[in-house]
Amino acid sequence: MGALGCVWGHRGRDRTVAGDKDRRIGRRALLVGGAAAAVGTAALTRDELTRLYWRLPGVRKARVAGAVDFKGARWVAASSANYRTADRPDDYRVDRVVIHVTQGGYASAVKAFQDPAHGAAAHYLVRKDGRITQLIRELDVAFHAGNRSYNERSVGIEHEGFVDRPQDFTDAMYAASARLTAAICGRYGMALDREHVIGHVEVPGTDHTDPGEHWDWDRYMRLVRRVGQA
């Protein structure tokens with residue numbers, strides 16, 4: 001059952017297979033750093049110097065404790081071992097939302113994402129009752145897709161339940177998740193379509209099948225577009 005969904009089939013995959021265990025600075029940081037070396041720091045503004053500084057290895061950008069990116073979401077922090085600090089979309093362009101199913105209950109999923117040995121976590125977790133929990137800031141690279149490039153370019157949304165139980169995908173879950181996805185797409189200028197909103201099964205190289213055949217993509221995307229175009 002592990003390869004069907006996310007939480008139970010993920011242990012160690014994103015960090016070992018996708019090479020995400022390191023905390024390298026992003027592509028833009030390397031480019032900007034090279035430019036700084038070429039022109040000299042005297043030519044850089046104070047703001048540019050600040051942005052360069054935090055990207056140095058071992059330097060963390062200041063964050064507001066408990067801040068969320070989606071209004072109404074509850075903040076529950078994932079283990080820092082299950083994501084990589086970044087400054088998206090400045091250092092990595094965000095152009096995908098990846099839909100997951102946990103293969104378990106809400107509490108079990110949170111426990112797994114808070115376990116530093118688990119090796120994976122998503123940015124958001126949507127419960128059957130429609131309540132949304134944020135575990136990782138969208139700024140940061142969550143280890144959720146099993147593919148380093150897709151981790152860097154996407155926001156991951158987990159959904160409580162099992163892929164073989166269509167009853168787990170409730171009206172409240174679809175509605176809440178659609179609002180969340182529409183907001184994310186709007187924030188990063190993504191089209192509200194299936195090229196930009198994908199299932200975990202569609203990530204190159206993954207062995208997961210979620211969200212599975214019972215996830216109603218037509219219904220979901222109608223809801224996403226309705227909210228996003230309102």
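No hydrogens, no waters, no symmetry mates; every other heavy atom, side chains included, goes into these values.
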Crowding at CZ, R131 (>12 non-hydrogen neighbours, <6.0 Å)
no

Could you go step by step and tell me if Y150 and T206 meet the side chain to side chain donor-acceptor pair (under 3.5 Å) rule?
CA-CA 11 Å; Y150 273 71; T206 186; over 6 Å; no

Find out whether the Lys NZ or Arg CZ of R88 is both under 6.0 angstrom from the six-membered ring centre of Y92 and within 45° of the ring's axis.
no

Donor-acceptor pair between H159 and S177 side chains, under 3.5 angstrom
yes

Examine M221 and Y188 and state if one hydrophobic cluster contains both, with Ile, Leu, Val, Met, Phe, Trp and Tyr joined whenever side-chain heavy atoms are less than 4.5 Å apart.
yes

Is Q167 atom CD crowded by more than 12 heavy atoms from other residues, nucleotides or ligands, each under 6.0 Å away?
yes

State the OG-CG distance between S154 and D95, to the nearest 0.5 angstrom.
8.5 Å

Between Y220 and T181, does any side-chain donor sit less than 3.5 Å from a side-chain acceptor?
yes

Test your reading of the model: is there a side-chain donor-acceptor pair from E160 to the backbone of Y106, 3.5 Å cut-off?
yes

If you compare all heavy atoms of A109 against all heavy atoms of L125, which two are closest, and at what distance to 0.1 Å?
CB-CD2, 3.9 Å

Taking salt bridge (charged side-chain N to carboxylate O under 4.0 Å, His left out) as the criterion, tell me which of R96, R84, R93 meets it with E152.
R84

Is the backbone of G119 close enough, under 3.5 Å, to the side chain of N82 for a donor and an acceptor to pair up by distance?
yes

Measure from the side-chain N and O atoms of R137 to the backbone N and O of D140, and report whether any donor-acceptor pair falls under 3.5 Å.
no

Heavy-atom neighbours of R187 CZ exceed 12 at 6.0 Å:
yes

Once you round to the nearest 0.5 Å, how far does CG of D91 lie from CG of L139?
9.0 Å

Does atom CZ of R74 have more than 12 heavy-atom neighbours from other groups under 6.0 Å away?
no

Is it true that the side chains of D210 and Q103 contain a donor and an acceptor less than 3.5 Å apart?
no

Is there a path of hydrophobic side-chain contacts, each under 4.5 Å between heavy atoms, that joins M173 and F70?
yes

Here the gap from I132 atom CD1 to L180 atom CG, rounded to the nearest 0.5 Å, amounts to 4.5 Å

Is a salt bridge present between D168 and R165, judged by a nitrogen-to-oxygen distance below 4.0 Å?
yes

Residues two or more places apart in sequence or in another chain: which of them pass ring-ring contact (aromatic ring centres under 6.0 Å, His included) with Y174?
W215

Would you say T102's side chain and G161's backbone share a donor-acceptor pair under 3.5 angstrom?
yes

Is there a path of hydrophobic side-chain contacts, each under 4.5 Å between heavy atoms, that joins V94 and V224?
yes

Using a 4.5 Å cut-off on heavy atoms from C-beta on, say whether the side chain of H123 contacts that of I157.
no

Separation of L223 CG from D171 CG (nearest 0.5 Å):
9.0 Å

I need the minimum non-hydrogen distance between L192 and G228, along with the two atoms involved.
CD1-CA, 3.8 Å

Should R222 and D216 count as an ion pair when the cut-off is N to O under 4.0 Å?
no

Does the ring centre of H144 sit less than 6.0 Å away from the ring centre of H100?
yes

For the student: nearest non-hydrogen atoms of A121 and A78, plus distance:
CB-CB, 4.0 Å

If every non-hydrogen atom of A86 is compared with every non-hydrogen atom of V141, which pair is closest and at what distance?
CB-CG2, 3.9 Å

Within the 4.5 Å heavy-atom criterion, are V76 and F113 side-chain neighbours or not?
no

